[in-house]
Structures are given as C-alpha cells and as structure tokens.
Amino acid sequence: MEAIAVIDFETTGLSPACGSRATEIAAVIWQNGRIVDRYQSLMNAGVAIPADITRLTGITNAMVRNAPPASAVMREVADFVGNRPMVAHNASFDRKFWESELARIGAQSTSPFACTLLLARRLLPDAPDHKLSTLTRCARLPATGQAHRALADAEMAANLLGHLLGVLSDKHGVTPSFSLISMLQRVPAAKIGDALRRARSA
DNA sequence: TGCCAGGCCCTCTTTAGGGCCTT
C-alpha cells in the first residue's frame with residue numbers, strides 16, 4: 001500500500017473561520033504497517049492561546065512565542081508531506097486548518113484526505129465511542145505520549161489506521177488501499193456491509 | 001452577557017433536531 005501522511009493539529013479553537021489558528025502540527029509517514037518518518041513543530045501564529053486550550057493541550061503562550069513562525073512551519077510540513085494522500089482523525093477538522101494555514105502562505109493542498117473517525121464508525125461500530133483515545137485503548141494500541149499533543153495524537157491516529165487496515169484485510173478479506181478507505185468512508189454507514197462484500201468480490 | 005464550527009450519523013427523519021468528534 002502506498003505511503004500515507006497522518007497529521008494532527010493543535011489549535012487555539014475549533015474553526016479557522018472564527019479566527020482560530022494552529023499552534024502545533026505533526027505529520028507521520030505510514031508505510032508497510034509502520035511509521036517510517038516523523039515531523040513535529042510548535043508554531044507561532046501571533047495569536048493568544050485561550051486558557052482552556054492551554055489546560056487541554058499543555059501548550060502555553062510562552063511555548064509558541066519561542067516557536068518558529070507559522071509560515072515557516074507550514075512550508076516545512078508541506079514539503080515533508082509532499083503529494084502523499086493524507087489521513088487524520090476527524091479529518092474535516094484538520095483539513096480545515098491544513099487548507100487555511102496553507103492559504104496564508106499562498107499554497108494549496110492537492111492531497112486527498114481520509115478520516116479514521118469515519119472509518120472507525122463503520123468498521124468498529126461496537127466501540128464504546130469513537131474518540132481517538134478510546135479506540136487506541138480498546139484496540140490495545142501502543143501508548144504514544146501525552147494526548148492532545150500533535151505528535152502523540154498523529155502517531156495514535158497512524159496506529160489506529162494500521163488497526164483499521166488490519167480489520168479490513170483480516171476480518172473482511174479485502175486488500176486495503178487508500179482509494180478503498182476513501183470509498184468506504186463515503187458509503188452510508190448502514191450500507192457498509194454491502195460495500196465490503198462488493199470490495200471482497202472485486 | 002453570553003455565545004461563537006461544521007460534517008457526519010441516527011431517529012421520535014427527510015419541510016428537523018440533537019449527539020458525536022476535533023481544539
């Protein structure tokens with residue numbers, strides 16, 4: 001299966017449309033069942049971090065004050081990711097920030113995104129919930145560090161991706177590919193069984 | 001003062017509402 005870039009942002013809020021900015025990004029390259037490369041950096045976007053976000057992430061205003069400018073970090077991480085397909089947990093969130101932060105440096109994203117949250121809802125419907133931390137615990141995936149920091153969460157999401165690909169091949173007998181998971185995440189959840197049967201017989 | 005998003009999914013649905021998930 002082709003190499004995939006799994007990313008995670010820490011931000012000052014939930015939406016760039018409301019002025020939220022990135023404070024940290026991590027990207028890991030997933031290939032042949034393991035993480036083969038890592039990128040992580042705090043970034044200074046010149047905005048204050050709300051106190052409740054600092055409580056959640058541990059990222060302080062002092063930490064980002066001493067970090068490289070967001071523009072430099074985004075150029076670096078865009079080079080690191082290249083044109084690989086991308087994955088994130090709740091990708092609609094990370095994709096918004098990816099596109100927004102790239103637009104600020106005059107760049108555009110061309111990589112397709114897939115989402116481990118949408119896949120997990122379809123492939124692991126009996127999980128207690130579909131938070132990244134819960135799925136990591138239930139699947140007995142390795143601890144990756146402090147939750148709500150970008151590198152730990154990106155590694156967690158990459159390990160979850162590996163687990164979901166294993167479910168696809170071991171339980172459903174289909175050969176995983178990015179185009180397959182891209183398709184499956186768009187299938188209505190109620191019809192995932194039919195889609196897997198079609199994929200198996202294809 | 002208080003609130004601020006948005007895509008997905010389920011259901012007591014589809015001319016809607018509410019919970020989940022990300023920070």
Side-chain angles (χ1 to χ4, degrees), chain A residues 5-28 40-64 67 70 73-74 77 86-104 109 111-139 141 144-161 163-164 181-196:
Chain A
V6 183
I7 70 159
D8 185 79
F9 273 105
E10 304 304 320
T11 70
T12 63
L14 292 175
S15 174
C18 294
S20 301
R21 294 293 307 274
T23 57
E24 185 178 48
I25 186 168
V28 302
Q40 177 271 329
S41 182
L42 289 162
M43 65 178 94
N44 185 354
V47 297
I49 303 174
D52 58 331
I53 299 290
T54 291
R55 278 191 291 276
L56 177 73
T57 64
I59 297 172
T60 66
N61 283 304
M63 289 162 69
V64 297
V73 172
M74 288 308 299
V77 71
M86 299 176 74
V87 162
H89 194 68
N90 198 14
S92 65
F93 173 85
D94 291 281
R95 182 177 202 159
K96 279 187 302 187
F97 280 94
W98 180 251
E99 291 175 350
S100 166
E101 294 292 345
L102 284 180
R104 287 176 176 273
S109 174
S111 297
F113 261 86
C115 176
T116 50
L117 170 62
L118 295 182
L119 269 182
R121 281 177 174 160
R122 286 159 175 76
L123 297 178
L124 307 172
D126 298 327
D129 62 55
H130 295 88
K131 292 182 176 74
L132 183 57
S133 56
T134 303
L135 295 169
T136 293
R137 188 178 67 249
C138 290
L141 299 173
T144 55
Q146 183 190 343
H148 294 299
R149 287 299 300 268
L151 184 58
D153 283 4
E155 291 190 6
M156 239 187 285
N159 291 332
L160 174 60
L161 172 66
H163 178 70
L164 293 169
I181 63 176
S182 228
M183 181 273 287
L184 291 176
Q185 70 171 11
R186 292 193 301 270
V187 170
K191 297 186 175 176
I192 191 67
D194 293 338
L196 287 167

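Because the structure is predicted, anything quoted here is derived from the model rather than measured. Quick note on labels: first sequence line is chain A, next is B, and so on, each numbered from 1.
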Quick one: label Phe9(A) by what it contacts on the DNA or RNA (base, sugar-phosphate, nothing), any heavy atom closer than 4.0 Å. sugar-phosphate

Determine the interatomic distance between P on dC8(B) and the same-named atom on dT13(B); round to the nearest Å.
22 Å

Rounded to whole Å, NZ of Lys96(A) lies from P of dT23(B) at a distance of 12 Å

Of Ala189(A) and Leu132(A), the one whose nearest nucleotide on DNA chain B sits closer to the 5' end is Ala189(A)

Atom CZ of Arg186(A) and atom P of dC8(B) are separated, to the nearest Å, by 11 Å

Of dA5(B), dT23(B), dT22(B), the nucleotide closest to the side chain of Cys18(A) is dA5(B)

Whole-Å distance, Arg95(A) CZ to dA5(B) C1', equals 16 Å

### Query
Looking across every strand, which nucleic acid part, if any, lies under 4.0 Å from Asp94(A) by heavy atom: base, sugar-phosphate, or nothing?
nothing

**Q.** Euclidean distance for C1', dC12(B) against dA5(B) (whole angstrom)
**A.** 27 Å

Worksheet item: What interatomic distance, in whole Å, is found between C1' of dT1(B) and the corresponding atom of dG19(B)?
Response: 27 Å

The reported gap from OG1 in Thr144(A) to CZ in Arg149(A) (rounded to nearest 0.5 angstrom) is 12.0 Å

The nucleotide from dC21(B), dC8(B), dA5(B) with an atom nearest the side chain of Leu118(A) is dC8(B)

Atom CD of Gln185(A) and atom C1' of dC21(B) are separated, to the nearest Å, by 15 Å

Among the nucleotides dT23(B), dG6(B), dC8(B), whichever has the atom closest to the side chain of Arg121(A) is dC8(B)

Value for CD (Glu155(A)) from OG1 (Thr136(A)), rounded to nearest 0.5 Å, stands at 11.0 Å

To the nearest angstrom, the CE-C1' distance between Met43(A) and dT23(B) comes to 13 Å

Looking only at dG7(B), dA5(B), dC21(B), the nucleotide nearest the Ser92(A) side chain is dG7(B)

inquiry  = By the 4.0 Å heavy-atom rule, please label Asp52(A) as base, sugar-phosphate, or nothing.
reply    = nothing

> Between dT14(B) and dG18(B), how far is it from one C1' atom to the other, in whole Å?
Replying inline: 15 Å

To the nearest angstrom, the CG-P distance between Leu160(A) and dT22(B) comes to 11 Å

Closest to the 5' end of DNA chain B, once Ser15(A) and His130(A) are matched to their nearest nucleotides, is Ser15(A)

Looking at every strand, decide which applies to Thr57(A) at a 4.0 Å heavy-atom threshold: base, sugar-phosphate, or nothing.
sugar-phosphate

The reported gap from OG1 in Thr12(A) to CG in Asp52(A) (rounded to nearest 0.5 angstrom) is 10.0 Å

dist Thr116(A):OG1 -> Leu160(A):CG (nearest 0.5 Å) comes out at 5.0 Å

- Task: Pick base, sugar-phosphate or nothing for Leu56(A), based on heavy-atom distances below 4.0 Å to the nucleic acid.
- Result: base

In this structure, CZ of Arg121(A) is separated from SG of Cys115(A) (nearest 0.5 Å) by 8.0 Å

Do side-chain atoms of Asp94(A) reach the backbone of Phe9(A) as a donor and acceptor pair under 3.5 angstrom?
yes

note: Ile7(A), atom CD1; dT23(B), atom C1'; distance rounded to Å ~ 14 Å

Review point. For dT22(B), does either OP1 or OP2 sit under 4.0 Å from a side-chain N or O belonging to His89(A)?
Key: yes

Asn90(A) atom CG is separated from dT22(B) atom C1', nearest whole Å, by 4 Å

From the candidates dG6(B), dC21(B), dT22(B), the one with an atom nearest any side-chain atom of Asp129(A) is dC21(B)

